[in-house]
Every structure is written in structure tokens, then in C-alpha cells.
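Since the structure comes first, as C-alpha cells, the remarks are kept for the end.
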Amino acid sequence: MLVTGIEILEKAHKEGYAVGAFNTSNLEITQAIVEAAEETKSPVIIQVSEGGLKYAGIETISAIVRTMAEKASVPIALHLDHGTDFNTVMKCLRNGWTSVMMDASKLPLEENIKVTKTVVQIAHGMGVSVEAEIGKIGGTEDNITVDEREAAMTDPEEALKFAKETGVDYLAIAIGTAHGPYKGEPKLDFDRLKKIKEMLNIPLVLHGASGVPEEAIKKAVSLGINKINIDTDIRQAFARRLRDLLEKDREVYDPRKILGPCKDAMKEVIKQKMILFGAAGKA
Ligand SMILES: O=C(COP(=O)(O)O)N(O)CCCCO
Ligand code: NA
Ligand SMILES: [Zn+2]
């Protein structure tokens, strides 16, 4: 069934597990996520980035996700990932999103607070929950130095002020992860996470979780992470299976015979994440 993000994350926060938030931009990725959730009986957040909206079309990807979510036997939220443009957030609200991220993390704190507070008021008026970001979760391609990454990490005092003044439902924090594949191993600042959770006591979000070792994921969940964003690992599972399939079969030409197995490969990766995060069986 289609539900709001906070309905899924409030329970995860109370019971101490995390829910996967997986990016989609087409039919097959959406199928992989929904089938993985059904087979592991996990609640799940299906999210679309601004790039995904452009690729699929906002009405089209909304129709695909909402139709499959409404038919599913597990709770599913439709979430806007990294909504940096206010009008895009508004368009998603109009197109049936049940959770939105207003990502104004690149703005100075006061401006981030101002725009996030406005989005919270509008979204809550429509029964939709809101994620925001404090601190900077860059991409691994950003060639920033280690102490610059340190400086970009979320300050607990700022996070508390931000959560209180905006009324945001869940908060993405920067504790050492980055979008995209890692070159080395990411070092997560668990003390910082623990402090933020104790001070804010709301669901927290980990971005850039592809490529983070399983032990680090488990520790982050034990310390209060409740939404975990995964995109790169799914993309890589798709590409691996596609290359392997086409190398082995030079004759195949039916998209269903090519995309179907790729969907299954993505589904297996997603199922493992749901089990690792502790969401399996929680639906
Ligand atoms: O935090 C994440 C997931 O990051 P990743 O899967 O790259 O570790 N996302 O918000 C997904 C979109 C970012 C580009 O992949
Ligand atoms: Na990553
Ligand atoms: Zn992200």
C-alpha cells in the first residue's frame, strides 16, 4: 500500500531498524524494488531524483510507482530525492508524492531553515512528510581534501536548531559518506551520529550508502540511522548483468529478455540490503 514516508520511518525510529530508499527512473528498477520488498516483507521507500524526473517524466514515473505501490502488500512511500528546486518539490506534491526532500544544504543555514520551513508547512498541510539535509554530502568525484570533508560534516548544535525551527520529519546528516563509488573505504564519524541522535531523537537519513562496508552500515543503524539511500549499487548490478548477458548471447534482441534478467540482478542486491538494514519482516 502507498503510505507517507513518516509512517514508515516513525516505526523504524521507534524499533531501531533502517528502511532502504532506492532510486528508480524506469519500469524495471521499480519492479526490482517492489518485488524485493514483497519477497522479504519489507517496508520500502522508492525515490526519484531530479535527474530521474527529467529522464522519465514526472507524471509517468509517478504513475508507475503509485500504481505498483497501491497494489503492493507492503508499505511503500514515493519520495523525491535531493529536491533542490522549490518548484520541482511543488510539482511532486501535485503529482502524488508521499514524501519529499527539500535539499537546500548548499545554502547558508538561515536560508536552508527558511525554505525548508516553508516546504514543511505546505507538505504537512497536504499530509506529506519532509526530509532535509544539514552538512554537505558530496560526491566521491568531488576532489575535496579529507579535512574539507570533515568541515562539511553535520554540526550537532546546528542540526538541533534546524530540526526545531523547521519541523522537518527526518534529517539527512553528513558523517563521512559520499555519493557514487568509493575509491578507498569511507570512514564514518559514529560519535557524531550518536550525539545527533541523542539530541534530535528523530529519524535520521544516511546518503551515499552504496559501497559502505556491511559492518559500518550495521553500526550506523544501531546508532539511529533509519533511512538508507542506495543508487550506485543498483546501477552497478544492472550493468554487470547486462554486460555478462550480451557477451554470452550475441543473438538476443527482445528487450524483455535483456531487461528482465537485469531486473532480477537488481532485485537480489536490493533484497540483501533490506535484510542487512533490518527492514526484512517489518512490513
Ligand atoms: O544518497 C544517495 C545514494 O548514493 P550512492 O548509492 O551513490 O551511495 N542518493 O541520494 C541517490 C542519488 C545520488 C547519486 O547516486
Ligand atoms: Na556511495
Ligand atoms: Zn543522496
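Counting starts at 1 for both ligands and their atoms, following the listed order.
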Going by the atom numbers of ligand 1, which of them fall below 4.0 Å from some non-hydrogen atom of [X]?
X      : result
Ile230 : 6 (O)
His82  : 10 (O)
His207 : 1 (O), 10 (O)

Closest protein heavy atom (residue, atom, distance) for atom 14 (C) of ligand 1: Asp231 OD2, 3.9 Å
Atom 9 (N) of ligand 1: nearest protein contact (heavy atom, Å): Asp81 OD2, 3.4 Å
O (Gly180) - the Na ion (ligand 2) - O (Ala178) angle, nearest 10°: 90°
Connected via hydrophobic side-chain network under 4.5 Å: Ile58 and Ile29: yes
Under 4.0 Å between a Lys/Arg side-chain N and an Asp/Glu carboxylate O for [X] and [Y]?
X      : Y      : answer
Lys161 : Glu157 : no
Arg66  : Glu70  : yes
Asp244 : Lys248 : yes
Lys114 : Glu111 : no

Shortest heavy-atom approach to atom 2 (C) of ligand 1 - which of Glu50, Lys227, His179: His179
The one among Asp103, Asp233, Thr232, Asn229 that brings a heavy atom closest to atom 3 (C) of ligand 1: Asn229
Residues His124 and Asp169: side-chain donor-acceptor under 3.5 angstrom: yes
Pair Ser129, Thr4: side-chain N/O donor-acceptor within cut-off below 3.5 Å: no
Within 6.0 angstrom of Tyr55 OH, more than 12 heavy atoms from elsewhere: no
Whether His207 and His82 hold their rings parallel, tilted or perpendicular, with breakpoints at 30° and 60°: perpendicular
Atom of His207 nearest the Zn ion (ligand 3) (restricted to N/O/S, atom name only): ND1
Ligand 1 versus Asn23: contacting region, heavy-atom distance under 4.0 Å: side chain
Proximity to ligand 1 by part of Ala209, non-hydrogen separation under 4.0 Å: backbone
Contact with ligand 1 for Gly208, non-hydrogen, under 4.0 angstrom: yes
The Zn ion (ligand 3): angle it makes with NE2 (His179) and NE2 (His82), nearest 10 degrees: 100°
Heteroatom test (N, O or S) for Thr177 near the Na ion (ligand 2), limit 3.0 Å: no
